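Inspection log for the structure reproduced underneath, given as structure tokens.
When a ligand or atom number is given, it counts from 1 through the structure's own listing order. As the structure is a computational prediction, the values presented were derived from the model and not from experiment.
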Amino acid sequence: MFDTDLIKTDFPILDRKVNGCPLVYLDNAATTQKPRQVMDASRHYYEALNSNIHRGTHSLARSATATFEKARITIASHLRAAATEEVIFTSGTTDGINLVANVLALSGTIQAGDEILISTLEHHSNIVPWQMLCQRTGAVLKVIPCLDDGTLDQAAFKTLLSPRTNLLALTWVSNAFGTIIPVREMTAAAKAVGALVLIDAAQAAPHLPIDVQTLGADFLVLSGHKVYATTGIGVLWGKASVLNGLPPWRGGGEMIKDVTFARTTYNELPFKFEAGTPNIEGAIALAAAFDYINELGLARIHEWECHLAGLAVQGLKDIDGLRLYGPQDHSGIVSFGIEGLHHYDLGTLLDQMGVAVRTGHHCCQPLMARFGITGTTRASFALYNSETDVEAFVAAVHKTVTMLR
Ligand code: PLP
């Protein structure tokens, strides 16, 4: 289905050994490895274009500006945004959510008594900024419960929604369990009661096509490093009509039109929300990363990752005391626990065999509490993983279980 041998040649790090064994990298939900094409784009920027953008008149400044703005166009087109200026560069998902939370407070959009609805599946970065916003404004945080199968309780969601709901902030794909949330339907229901909707697409962007126009949300956030680009770059997409009505959060260069000591007038979108020198190289790398995945095709990537997750589940299912979390057919994430084995011990011993998985609470402590656990072991697949990787992972887990029991 997928020539992973060929794809792996784009990712130099996958060639290395860890603890004397070939690296089997299955911590992709934490961060993905970077293909040469992305690293080449970064290197080209520093070797040929490096300059500050938007203000310089010299050739380098103009080339850097043009390349940076071209990256914005590529990203807007990848997200199917109605307008390029709806793409705001951030440092990542966390930064994007904090930006939205702060401008909603500053603008008075969220007020005392308003309800902010999130779900039990959220990453801490889609919980804590809203808690902080509630403390600041007197708004109330409500949480959609999660069912035993790791999906959201849709009946409870419908009862929680009301005209008091001012904002629904929802992950698209759960980083801890891999559950894919029906964000389109839930967004439509939230819009019907007049709420704003923010979608955390940190885990969706590497696996699913995004069309912000059909999604119907007001904001969508993602991180570059989870989608084969570098760290420190991310995107906040917002509907122009909504963003235009919101004040800036950070002040400084770039976000201004005119400054006097008496008053400042603010720049237009997207610059209004991009104070200071941005991560120029990161934006260029992110555009290169989207080009890379689009060449392979997101539908094929997703199908392949689900295939690998299915193989992994098949390989693990006979282990005594295995508990799988979340619906396994959903995405390329296999999250599990084994009775009597601590996930840290499992993760440490897998690492000795070159297998990199994530163990712990995955920045989802409330979700772990809901299931009465402190963490899981999570294997998360990416486009470069092969069936051989799955075999090595399954064999390593079996070996560890035998050693520890
Ligand atoms: N949301 C989800 C669903 C995530 O998986 C993550 C990272 O793991 C984040 C938000 C935070 O992303 P970042 O640390 O890149 O800001």
Side-chain angles (χ1 to χ4, degrees), residues 25-34 38 75 88-102 116 118-132 143-144 146 150-152 168-183 186 197-208 210 215 217 219-237 249 278-279 282-283 285-286 289-290 305 325-326 330-335 356-368 370 375-382:
Y25 186 77
L26 302 179
D27 193 18
N28 297 289
T31 200
T32 51
Q33 301 302 345
K34 320 304 173 199
V38 167
I75 292 159
I88 315 290
F89 286 117
T90 64
S91 69
T93 302
T94 306
D95 190 36
I97 295 172
N98 278 280
L99 195 163
V100 173
N102 276 281
I116 297 174
I118 60 170
S119 87
T120 309
L121 287 166
E122 302 311 318
H123 187 280
H124 294 162
S125 64
N126 202 27
I127 300 174
V128 184
W130 306 121
Q131 283 176 331
M132 292 163 78
V143 185
I144 307 163
C146 177
T151 62
L152 291 184
L168 171 68
L170 201 58
T171 190
W172 189 334
V173 177
S174 152
N175 64 306
F177 290 176
T179 316
I180 299 182
I181 307 302
V183 284
M186 293 177 75
V197 178
L198 176 141
I199 300 297
D200 172 354
Q203 297 294 338
H207 314 289
L208 303 174
I210 297 174
L215 189 57
F219 310 102
L220 178 138
V221 287
L222 61 88
S223 295
H225 70 96
K226 292 190 194 287
V227 66
Y228 310 100
T230 46
T231 51
I233 186 72
V235 167
L236 159 66
W237 167 85
W249 174 33
N279 182 350
L286 181 54
F290 281 139
E305 292 163 342
Y325 294 95
H330 265 200
S331 63
I333 286 182
V334 178
S335 200
V357 292
R358 180 52 59 110
T359 59
H361 55 62
H362 315 296
C363 294
C364 293
Q365 283 183 328
L367 178 64
M368 299 298 125
R370 153 69 178 83
T376 73
T377 301
R378 180 189 71 188
S380 52
F381 297 96

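Using a 4.5 Å heavy-atom threshold, the side chains of K226 and N28 count as separate.
Residues T171 and H123 bring no donor and acceptor atom of their side chains to less than 3.5 Å of each other.
Of the protein's non-hydrogen atoms, the one nearest atom 5 (O) of ligand 1 is Q203 NE2, 2.7 Å. Scanning the protein heavy atoms around atom 4 (C) of ligand 1, the nearest turns out to be H123 CD2, 3.4 Å. Of all protein heavy atoms, the one closest to atom 16 (O) of ligand 1 is T94 OG1, 2.6 Å. Annotation: atom 3 (C) of ligand 1 to nearest protein heavy atom, D200 OD2, 3.5 Å. Protein heavy atom closest to atom 10 (C) of ligand 1, with residue, atom name and distance, is S125 OG, 3.1 Å.
Remark: of the listed residues V173, D200, L152, I199, L152 is the sole one forming a side chain to side chain contact (heavy atoms under 4.5 Å, CB included) with I181. For the side chain to side chain contact (heavy atoms under 4.5 Å, CB included) with L236, the lone residue among L220, I97, V100 that qualifies is V100.
Of the heavy atoms in H225, only side-chain atoms (C-beta onward) come closer than 4.0 Å to ligand 1. Under 4.0 Å from ligand 1, heavy atoms of T93 appear from its side chain as well as its backbone.
Judged by distance alone, the side chain of T32 and the main-chain N or O of H225 form a donor-acceptor pair under 3.5 Å.
S223 and T93 make their closest contact through OG-OG1, 2.6 Å (heavy atoms, listed as atom of the first residue, atom of the second, distance).
Classification of the H124-H361 ring pair by plane angle, with boundaries at 30° and 60°, yields tilted.
Rounded to the nearest 0.5 Å, atoms CG (L26) and CD1 (I333) are 11.5 Å apart.
Against a heavy-atom cut-off of under 4.0 Å, T171 is close to the following atoms of ligand 1: 3 (C). Those atoms of ligand 1 with a heavy atom of S223 less than 4.0 angstrom away are 12 (O), 13 (P), 15 (O), 16 (O). The contact set between ligand 1 and N175, taken as ligand atoms under 4.0 Å from a residue heavy atom, comprises 5 (O).
Proximity of K226 to ligand 1 is established by a heavy-atom distance of less than 4.0 Å. Ligand 1 does not have N126 within reach: every non-hydrogen atom of the residue lies 4.0 Å or more from it.
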